[in-house]
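Data block below; observations after.
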Amino acid sequence: MHGLNPPQRAAVLHTDGPLLVLAGAGSGKTRVIVEKIAHLIASGRMPAKRIAAITFTNKSAKEMKERVAKRIKGDAAEGLTVCTFHALGLRFLQIDHAKVGLRRGFSVFDSDDSAAQIKDLLPPGSKNDVIDNARNLISRAKNAGLSPDEALAASQSPREMEAALLYQRYQARLSTFNAVDFDDLIRLPVQILEAEEDVRLAWRERIGYLLVDECQDTNDAQYRLLKALAGDKGLFTCVGDDDQSIYAWRGANPDNLLNLGKDYPALQIIKLEQNYRCSNRVLRTANTLIAHNPHEHPKTLWSDQADGERIRVWECRDNAHEAEKVAAEIHFLAAAKQAPWSDFCILFRGNHQSRALEKALQLLRVPYHLSGGTAFLERGEVKDALSWLRLIANPDDDAAFLRAVQSPKREVGATTLSKLAEMAQHAGMPMSRAAEQIGMLKQLAPRAGNALDGFVNIIRHLRGEAFKIPPSELVRVLAEKSGLLAAIRAQCKDEATFQRRKENLEELADWFDGGKNSGPGELAAQLALLSHADKGDAGNQVRLMSLHGAKGLEFRYVFIVGMEDGTLPHEMALEEGSLEEERRLLYVGITRAKEQLWLSHSRETQRWGDKIRLKPSRFFEELPVAEIQRDGADPVADAARKQERAVAGFAAIKALLGE
């Protein structure tokens with residue numbers, strides 16, 4: 001525990017009861033969790049196999065595992081669980097699946113699988129926004145830990161009742177397919193743990209100590225899971241920051257930090273207020289802003305680092321001018337400070353704000369990475385091909401079967417699949433195996449039975465090919481044999497679009513390059529690696545991302561753009577009079593800056609051809625005047641700065657021309 005400050009050390013040593021660590025931005029919370037795991041094991045307080053550390057993302061879990069591995073040598077950490085809430089829920093259901101009527105080998109539907117089922121249950125022709133809204137209402141009920149019957153009983157409007165009835169039908173459909181969706185990975189374990197004492201006691205024996213990171217982001221179902229596993233003794237450490245709770249829109253309940261004190265009267269609270277990331281000017285600015293929110297346990301971040309530069313505030317003509325200023329400043333600083341592009345980050349409230357910024361950066365040849373675009377593995381044709389590969393590798397994967405058999409479309413509709421699922425369930429076999437049974441196919445409509453038979457023959461052929469050719473070549477073969485390429489060609493209105501989508505399949509094949517033709521087993525191993533693949537390292541590029549996406553990251557130089565009323569804070573927050581989460585969102589953005597911070601706003605924008613006057617964000621009025629440097633406030637400094645950038649810009653042009 002060498003190098004820990006006193007509050008960090010106190011948090012590590014407290015192991016006898018419930019503990020809440022209120023960890024301010026950049027206060028070293030991950031180190032505290034890692035050190036506490038090491039202390040629990042080294043002190044003999046708890047063996048590694050009975051410790052579970054829960055995070056919110058796979059990336060965070062991976063990073064924590066790596067840090068634990070470096071901290072705890074040998075096999076002392078063997079059996080330690082470090083995973084997300086959903087991964088823990090999946091592990092639970094794999095052990096206790098029968099308690100909720102699931103068979104071994106159940107499928108987990110992703111968002112596309114779920115949306116497809118909901119679309120089929122809604123009236124024909126339902127638009128995407130109706131489908132998305134229905135899916136969100138069902139997800140909200142599940143995140144609150146409500147079963148279909150409980151959701152129906154809790155309905156307070158015709159709209160909620162309609163959603164609850166759809167939830168009932170949707171859940172019945174999942175049961176028929178021996179499947180769960182992502183939200184069920186929390187809801188179903190909670191349902192079992194709260195209802196069955198023997199299961200509850202067994203899991204408390206398995207998990208003797210819980211550590212939960214980002215506790216302010218838990219939804220109601222996750223909080224109930226924590227309570228069910230921790231029991232009355234409350235052997236847990238929850239780490240969180242109420243000032244960084246920015247996910248209420250997706251079900252997070254920041255009041256869970258307060259609920260801990262009510263549910264566990266013996267709860268100890270330790271505050272981590274020393275920041276190891278930011279300059280003191282950045283911290284004073286963040287502290288002053290967030291003080292406008294109500295606090296049960298107020299914190300004041302501080303640092304032993306230098307004050308640093310004052311926060312720059314820019315007023316721009318419009319978003320194009322704003323983007324040009326930001327791009328020029330980055331271009332100048334990268335050269336003047338010899339700073340890599342990866343030191344810079346531009347943050348905005350919504351992804352649509354990136355367009356002008358991208359154009360400005362491109363004109364100056366500044367490399368950038370835009371976070372939040374459609375990931376390669378999420379593209380439709382790629383997911384279709386992956387469903388075929390999953391089914392070739394694992395005939396028991398019902399979710400893969402359901403997508404593959406409908407990609408491309410064939411004479412197999414929802415009614416046919418529902419009937420096939422019922423027969424498969426009755427026979428105790430996965431749907432792809434049931435589709436191979438001639439007796440079952442004869443019970444279906446002739447056209448549907450023939451279509452399924454044709455599909456099964458293609459899968460059987462491709463499974464045989466998997467023994468003869470490497471996985472990369474198998475991707476190319478299945479693209480042709482499955483009819484995927486032909487379907488894509490039929491969907492595309494022009495050759496350029498077809499070639500672009502075809503190239504996505506070719507890129508997928510390249511991802512498998514190097515695999516051997518040792519059959520479905522090799523293919524399954526490659527798929528497992530692929531599912532955990534890094535979605536792409538931004539490398540040495542300027543990062544463009546939303547404020548929501550920046551949580552947990554840090555950069556030397558940070559620009560927050562678009563700070564106008566209606567954008568930040570968002571117009572919906574203004575209409576509803578709920579500014580607290582928008583203020584927390586800006587607080588998160590400010591505390592990403594290690595060294596220097598810029599805040600900018602525009603005077604006007606164009607909408608439908610008309611110029612609209614914009615108001616600066618009301619949050620500017622909540623920032624400390626002493627820490628701010630506005631354009632025009634110091635003419636001498638502004639002139640010197642302008643001259644410095646002009647000289648640098650001229651030198652860059654000369655270099656570009658090779659003079």
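This one's a predicted model, so the numbers in the text were calculated from it and none came from an experiment.
Side-chain contact of Thr55 with Asp213: a donor-acceptor pair under 3.5 Å is absent, judged by distance alone. A donor atom on one side chain and an acceptor atom on the other are not found under 3.5 Å apart for Arg543 and Ser342. When only modelled atom types and interatomic distance are considered, Ser114 and Ser111 share no side-chain donor-acceptor pair under 3.5 Å. With 3.5 Å as the limit, one finds no donor-acceptor pair spanning the side chains of Tyr264 and Asn259.
Between Cys316 and Lys325, the closest heavy-atom pair is SG-CD, 4.0 Å. Shown here for His297 and Asp242, the closest heavy-atom pair between the two residues is O-OD2, 4.4 Å.
Checking side-chain atoms of Asp241 against main-chain N and O of Glu214 turns up no donor-acceptor pair under 3.5 Å. Put simply, the side chain of Lys73 gets close to the backbone of Lys70: a donor and an acceptor are under 3.5 Å apart. Arg281 contributes a side-chain N or O that, together with a main-chain N or O of Gly308, makes up a donor-acceptor pair within less than 3.5 Å. When atom types are taken as modelled, the side chain of His14 and the backbone of Ala11 share no donor-acceptor pair closer than 3.5 angstrom.
Proximity of the aromatic rings of Phe56 and Phe85 is defined here by a centroid distance below 6.0 angstrom, and this criterion is met. The aromatic ring centres of His601 and Phe620 sit less than 6.0 Å apart.
In this structure, Phe559 and Gln596 have side chains that are not in contact, with every pair of non-hydrogen atoms separated by 4.5 Å or more. Contact of the Cys83 side chain with the Leu88 side chain is registered, since non-hydrogen atoms from C-beta on lie closer than 4.5 Å. Considering only heavy atoms from C-beta on, Ile270 stays 4.5 Å or farther from Leu22 through its side chain. Between Ile33 and Arg67, every side-chain heavy-atom pair lies at or beyond the 4.5 Å cut-off.
Using cut-offs of 30° and 60° for the angle between ring planes, the Trp341 and His331 rings count as tilted. Using the six-membered ring where Trp is involved, His548 and Tyr247 have ring planes that are tilted, between 30° and 60° apart.
Crowding of Lys49 atom NZ: a count of heavy atoms from other residues, nucleotides or ligands under 6.0 Å not exceeding 12. For Arg204, the CZ atom sits in a packed shell: over 12 heavy atoms of surrounding residues, nucleotides or ligands are nearer than 6.0 Å.
Taken from CZ in Arg277 to CD in Glu595, the straight-line distance is 14.0 Å, to the nearest 0.5 Å.
Of the charged side-chain nitrogens involved, at least one lies within less than 4.0 Å of a carboxylate oxygen, so that Asp565 and Arg618 count as a salt-bridged pair.
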